[in-house]
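The shown structure was predicted, so the numbers you read here are calculated from the model rather than taken from an experiment. Convention: sequence-line order gives letters A, B, ...; per-chain numbering from 1. When reading the values below, keep in mind they use all heavy atoms of this one structure, side chains included, and skip hydrogens, waters and symmetry mates.
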Number of protein chains: 2
Amino acid sequence: MTNIKKVSELAGVSTATVSRTLKNPELVTENTREKVMKAVQLAGYRPNWLATSVKTGKSNSIVVLVPNLVNPFFMRIIEGIEQAAQEKGYSVLLGDTQGKANRENEYASMVLTNRADGLIQLDHSFPFSANDAALAEKVPMVSVCERIEGERRYPFIELDNYAAGRALTHHLISYGHSRFGIIAGQRTSQIHHDRLAGIKSVLNEEGIDFSEDMLVGGSYRIETGIEGVQELLKRDTPPTAIFCFNDDIAIGALYELKRQGLRVPEDVSLTGFDNVKVSAYMDPPLTTVDQPAYEMGRRAVDVLIQLINRQPLSRTREILPFQLLERGSTGPAKA
Amino acid sequence: MTNIKKVSELAGVSTATVSRTLKNPELVTENTREKVMKAVQLAGYRPNWLATSVKTGKSNSIVVLVPNLVNPFFMRIIEGIEQAAQEKGYSVLLGDTQGKANRENEYASMVLTNRADGLIQLDHSFPFSANDAALAEKVPMVSVCERIEGERRYPFIELDNYAAGRALTHHLISYGHSRFGIIAGQRTSQIHHDRLAGIKSVLNEEGIDFSEDMLVGGSYRIETGIEGVQELLKRDTPPTAIFCFNDDIAIGALYELKRQGLRVPEDVSLTGFDNVKVSAYMDPPLTTVDQPAYEMGRRAVDVLIQLINRQPLSRTREILPFQLLERGSTGPAKA
DNA sequence: CTGTTAGCGCATTCAG
DNA sequence: CTGAATGCGCTAACAG
């Protein structure tokens, strides 16, 4: 172990001087600086980050809780987080929760043990165990793409999912559709409710009936899309247009529709959500809602670091703009 | 800050006893244990992980260097890494390098500063700067899915890319193909050379000519597949079968072939690599090579932790089995 | 079984 | 401008 003491001896100065030279070079003489730097070089010295952190009480790390690593939408957010964190001198601890509460608890507790300074939550749940809830009161935490409802409000970065739901619905109605199906993801989440409410509000305004048995699904996976289509096609009057609550679901739905010999969009129109990269290269390309995922990640870090530094927040809830991408998977309703 | 001292006072014992109660409860009396636990509860005490680590000299963290977060194949590996790490009490620091040397250097240096105990590299390059090379001599490091060639050999977990290249080639030749194109990813990597060598070896054995201008591409992206197809179709005698060196490339290639009015596999056969989830849901589903990505991640952690604990390695290079998945994107060559 | 003592490696007072 | 001394929060050795 090559520590600061060894360097100080090598340079013939005190450990304090070595520390100063490395952190505030302007506080020491040109002469000593050279001596110290030479010794540092010679010894191959790198300050022990653990020791520095225990002194300053800051880990300069943040934990990111994500339910699923293989979802490219989440990973795009994390790219933004990672990039912004790095620029600000933070590193990112990855917490793959797989949606399990105990894993969430474990990861979340890292910030209670000074292993991390703050937390970004990509899922919709409050990640601390009942035991830790009191301690978590003052933990810097931001939720992104979902929001967390509870006693205490946490800052969030989100899309206007309600408006996005409305936009998709208007788009399909303009094509003459009136029989809709929905294949949902995680049903207990806020974004689910927002999107659903958006869709229903337009249907209501237009006097279009929506029966609850046209809402199927319950997880953001390709298989959900497949099973969802199978269910919806069994209905007495199958839908001519299907909302999928993410692109993976839409990919599965598209696959299954084609497998059953239906054409998209001639027989059934299909919409996705997230604008995952591959969605543009499907056959047909998916009509979907683009979310500024990378930017959402970056903004989350900005907010979190303000929280960590106990700076006043400019805004506590940020709604980012979406964009409806009309591509080939939607078209006129069959006559 | 609620520290161990506060708890010891609250419980009326020494700090050492508190520490013992938490780490080795069997070393203290039932009686004191209760007192201490009560005090811990009351104070809402959580041991400061930084302090613990600076004492033991171990961070119980590992850094994972990955060139690109949005690639589901990499993320599947990282899922395995993350899961195995968690089981063994390690946390994962995410290093998105974007293939840039300076970012690699920065992340790699975390293990030189005790911020992490070891390193897993998913890219093909030695991640330390020239400056740090000497220091890195003894750094625990494993490379997975790629291998790092250089003065010093690092343990790696890899696929038999040579054999996979051969298997793909045999598969296509059995369909009667003899005019091949290749759309490559990162060309400087070892896996590129292995796969290419595998393909060429079979072609050679079968007396099939391969001209270098049938090798195009240079990055693992959808766009590469698109541009690759455009180039290959300009050749005097376009290929009837195209090897793509990952599934993203194949997705782009498939898209572009269809856009140009060609049918897959009737006009052109197409193979991918990695068996990314969506590959099975393309139209047609992609013939591809399945890599046990999750398992590769898990094994990498096993090996890394052995390295960290200076245990003798059972094996320093591990070649995992692949599986050729024959799906709809390959078929008989056009007469 | 428990308390006292001594550090881990570093940064930061405070003198000089 | 530099050095000696102190302590961050915790664990490990050693007594008792």
Atom-to-atom span, CZ of B:Arg46 to P of D:dG9 - whole angstrom: 17 Å
Round to the nearest Å and state the distance from B:Lys58 atom NZ to C:dG9 atom P. 16 Å
Give one of base, sugar-phosphate or nothing for B:Thr32, where a contact means two heavy atoms less than 4.0 Å apart. sugar-phosphate
Decide, yes or no, whether a salt bridge links A:Glu26 with A:Arg20 under the criterion of side-chain N to carboxylate O below 4.0 Å. no
Using only side-chain N and O atoms of A:Thr15, determine if any of them is under 4.0 Å from OP1 or OP2 of C:dC10. no
In terms of side-chain heavy atoms of A:Ala16, which of D:dG9, D:dG3, C:dC10 is nearest? D:dG3
Protein-nucleotide distance (A:Arg20, atom CZ; D:dT2, atom P), rounded to Å: 8 Å
Taking NZ, NE, NH1 and NH2 as the nitrogens, is one of them in B:Arg103 or A:Glu82 under 4.0 Å from a carboxylate oxygen of the other? yes
Is the phosphate of D:dC1, meaning OP1 or OP2, less than 4.0 Å from a side-chain N or O of A:Thr29? no
Spacing of B:Lys55 atom NZ relative to C:dC8 atom C1', expressed in whole Å: 5 Å
Charged N-O contact under 4.0 Å between B:Asp274 and B:Arg76: no
At 4.0 Å (heavy atoms only), tell me whether B:Val54 reaches a base, stays on the sugar-phosphate, or touches nothing. base
In whole angstroms, the gap separating P of C:dA11 from CG of A:Leu27 amounts to 13 Å
Rounded to the nearest Å, what distance is computed from the NZ atom of residue B:Lys5 to the C1' atom of nucleotide D:dC8? 12 Å
I need the A:Leu119 CG to A:Glu104 CD distance, nearest 0.5 Å. 9.0 Å
For A:Ser91 and B:Leu93, work out which heavy atoms get closest and say how close. CB-CD2, 3.9 Å
Quick one: is B:Asn48 getting a side-chain N or O under 4.0 Å of the D:dG9 phosphate, OP1 or OP2? no
Between B:Thr17 and C:dG3, does any side-chain N or O lie under 4.0 Å from OP1 or OP2? yes
Scan A:Val13 against the nucleic acid and name what it touches under 4.0 Å (heavy atoms): base, sugar-phosphate only, or nothing. sugar-phosphate
Between B:Glu9 (CD) and D:dG9 (P), how many Å, whole number? 12 Å
Separation of C:dT13 atom P from A:Asn24 atom CG, nearest Å, is 11 Å
